[in-house]
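Only this structure's heavy atoms are used, side chains among them; waters, hydrogens and symmetry mates stay out.
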Amino acid sequence: MTSNTAGTGVDRYFDAIRALQEKVITNQRATLIAVADRMAAVIRGGGRIFVFGTGHSHLLAEEGFFRAGGLAAVTPIFSSALMLHESPTLSSQLERTPDLAATLLDHYNPRAGEMIFVYSNSGVNQMPVEMAQQARQRGLAVVAVCSQAYAQVAPLSTLGVRLADCADYVLDNGGVPGDALVAVEDFPWRVGPSSTLINALLWNCLVTETTLRMVEDGSEPPVIASLNMAGAAEHNETLLAKWRKVNPHL
């Protein structure tokens with residue numbers, strides 16, 4: 001995707017991201033519905049929906065976890081070393097280091113029939129790909145969320161496969177290689193990354209669709225309420241009494 005050279009920076013980014021939002025949802029409605037169906041089935045059965053990403057992709061694990069309007073069944077896979085607040089250099093090295101995913105996943109005792117979202121914008125880094133492989137071997141349904149265009153040009157890890165090759169479902173965030181959308185005249189690098197915003201859009205479309213489907217079939221979706229709303233504390237505590245037994249972060 002390219003950006004017009006005319007207009008303010010605000011307009012350029014807004015135009016590009018608005019067009020990308022329309023594209024990724026319109027072109028993937030069937031996949032989104034299928035993923036939401038699987039999410040609803042997992043939750044009905046008391047299973048967890050894991051969310052994992054490294055670097056900036058870990059923000060999607062934060063987005064899914066203990067969020068007003070979100071689902072209590074969501075269990076983030078967190079490791080501070082894979083985030084950015086301690087050392088972005090270390091995080092970048094670790095996401096390319098072999099044989100770490102299994103140990104991290106073991107901490108959560110995943111069960112066959114549960115589900116995991118693995119976010120990797122480039123779709124090639126070692127640890128996200130390894131996480132998807134490990135999860136699939138253990139019987140989890142794997143959803144890969146990445147830029148397919150980026151994955152086609154980024155160099156593969158020693159595993160020799162892309163994240164999309166290791167998933168049951170693939171959601172394309174539609175981003176360009178390098179993530180940044182907007183070209184600036186007389187400057188060599190693009191600005192305005194799209195992955196976090198589009199990934200959050202895809203995720204919250206799924207949360208909404210999952211909730212609608214559960215309500216329609218008479219099951220109770222475990223939706224967390226904002227603590228600033230009347231009755232929310234009591235509602236949330238009922239949810240947490242169930243889900244904290246299987247989520248070490250609650």
Side-chain angles (χ1 to χ4, degrees), residues 31 35 48-65 74-112 114-180 189-190 193-200 202-203 248-249:
T31 303
V35 172
R48 295 164 291 178
I49 299 173
F50 297 99
V51 186
F52 175 74
T54 62
H56 281 96
S57 291
H58 106 270
L59 294 171
L60 277 300
E62 299 275 5
E63 174 67 18
F65 175 56
V74 173
T75 301
I77 298 178
F78 282 150
S79 171
S80 60
L82 292 170
M83 301 176 189
L84 298 171
H85 62 286
E86 293 184 352
S87 172
T89 301
L90 177 61
S91 173
S92 295
Q93 291 174 345
L94 288 177
E95 70 180 355
R96 292 169 172 81
T97 302
D99 303 324
L100 296 180
T103 300
L104 184 55
L105 190 57
D106 283 344
H107 177 67
Y108 294 86
N109 297 311
R111 304 189 304 267
E114 293 184 312
M115 194 170 191
I116 185 170
F117 283 73
V118 181
Y119 289 86
S120 171
N121 194 41
S122 69
V124 297
N125 286 338
Q126 179 94 20
M127 195 166 188
V129 175
E130 196 176 284
M131 181 64 74
Q133 290 178 328
Q134 287 289 326
R136 210 172 187 190
Q137 288 173 14
R138 301 173 196 212
L140 278 70
V142 177
V143 183
V145 188
C146 59
S147 163
Q148 291 281 56
Y150 200 169
Q152 294 305 310
V153 300
L156 298 179
S157 72
T158 58
L159 294 170
V161 294
R162 298 176 176 86
L163 177 59
D165 300 325
C166 308
D168 300 285
Y169 307 93
V170 179
L171 290 171
D172 184 2
N173 66 32
V176 298
D179 201 8
W189 302 105
R190 288 174 174 263
S194 63
S195 58
T196 303
L197 194 157
I198 298 298
N199 288 345
L202 290 165
W203 172 257
H249 300 295

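The closest side-chain heavy-atom distance from M115 to V35 is below 4.5 Å. When side chains are defined from C-beta on, R138 counts as touching L105, because their heavy atoms get closer than 4.5 Å. Residues L159 and Q133 have side chains in contact (heavy-atom distance under 4.5 Å, counting atoms from C-beta outward). Within the 4.5 Å cutoff, the side chain of V145 has no heavy atoms near those of the L60 side chain.
A donor-acceptor contact shorter than 3.5 Å links the side chain of R162 to the backbone of A151. The closest donor-acceptor contact from the side chain of N125 to the backbone of M127 lies at 3.5 Å or more, if one exists at all. The backbone N or O of L100 sits less than 3.5 Å from a side-chain atom of E130, completing a donor-acceptor pair. The main-chain N or O of I198 is never found under 3.5 Å from a side-chain atom of N173 such that the two would form a donor-acceptor pair.
Of all non-hydrogen atoms in L163 and A132, the two that sit nearest each other are CD1-CB, 3.6 Å. Considering every non-hydrogen atom in both F52 and P128, the closest pair reads CE2-CA, 4.1 Å. Here the closest heavy-atom approach between residue G53 and residue H58 is recorded as O-CB, 3.3 Å. Between T75 and P248, the shortest heavy-atom contact is CG2-CD, 4.4 Å. The shortest non-hydrogen separation linking A135 to V142 is CB-CG2, 4.0 Å. When every heavy atom of A149 is checked against every heavy atom of G175, the shortest pair comes out as CB-O, 3.8 Å.
Note that CZ of F117 and OG of S57 are 14.0 Å apart. Values are rounded to the nearest 0.5 Å. Going from atom CD1 of I116 over to atom CZ of R48 covers 10.5 Å, rounded to the nearest 0.5 Å. A distance of 10.0 Å separates OH in Y169 from OG1 in T31, rounded to the nearest 0.5 Å. Here E62 contributes atom CD and T196 contributes atom OG1; the two are 12.0 Å apart, rounded to the nearest 0.5 Å. Within the model, atoms CG of N121 and OG1 of T54 stand 10.5 Å from one another, a figure rounded to the nearest 0.5 Å. Note that the CG atom of N199 and the SG atom of C146 stand 9.0 Å from one another [nearest 0.5 Å].
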Verdict with supporting geometry, V51 and Y119, side chain to side chain contact (heavy atoms under 4.5 Å, CB included): CA-CA 8 Å; V51 186; Y119 289 86; 3.6 Å; yes
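Aromatic pair Y108/H249: centroids less than 6.0 angstrom apart.
Side-chain contact, D179 with S195: a donor N or O sits under 3.5 Å from an acceptor N or O.
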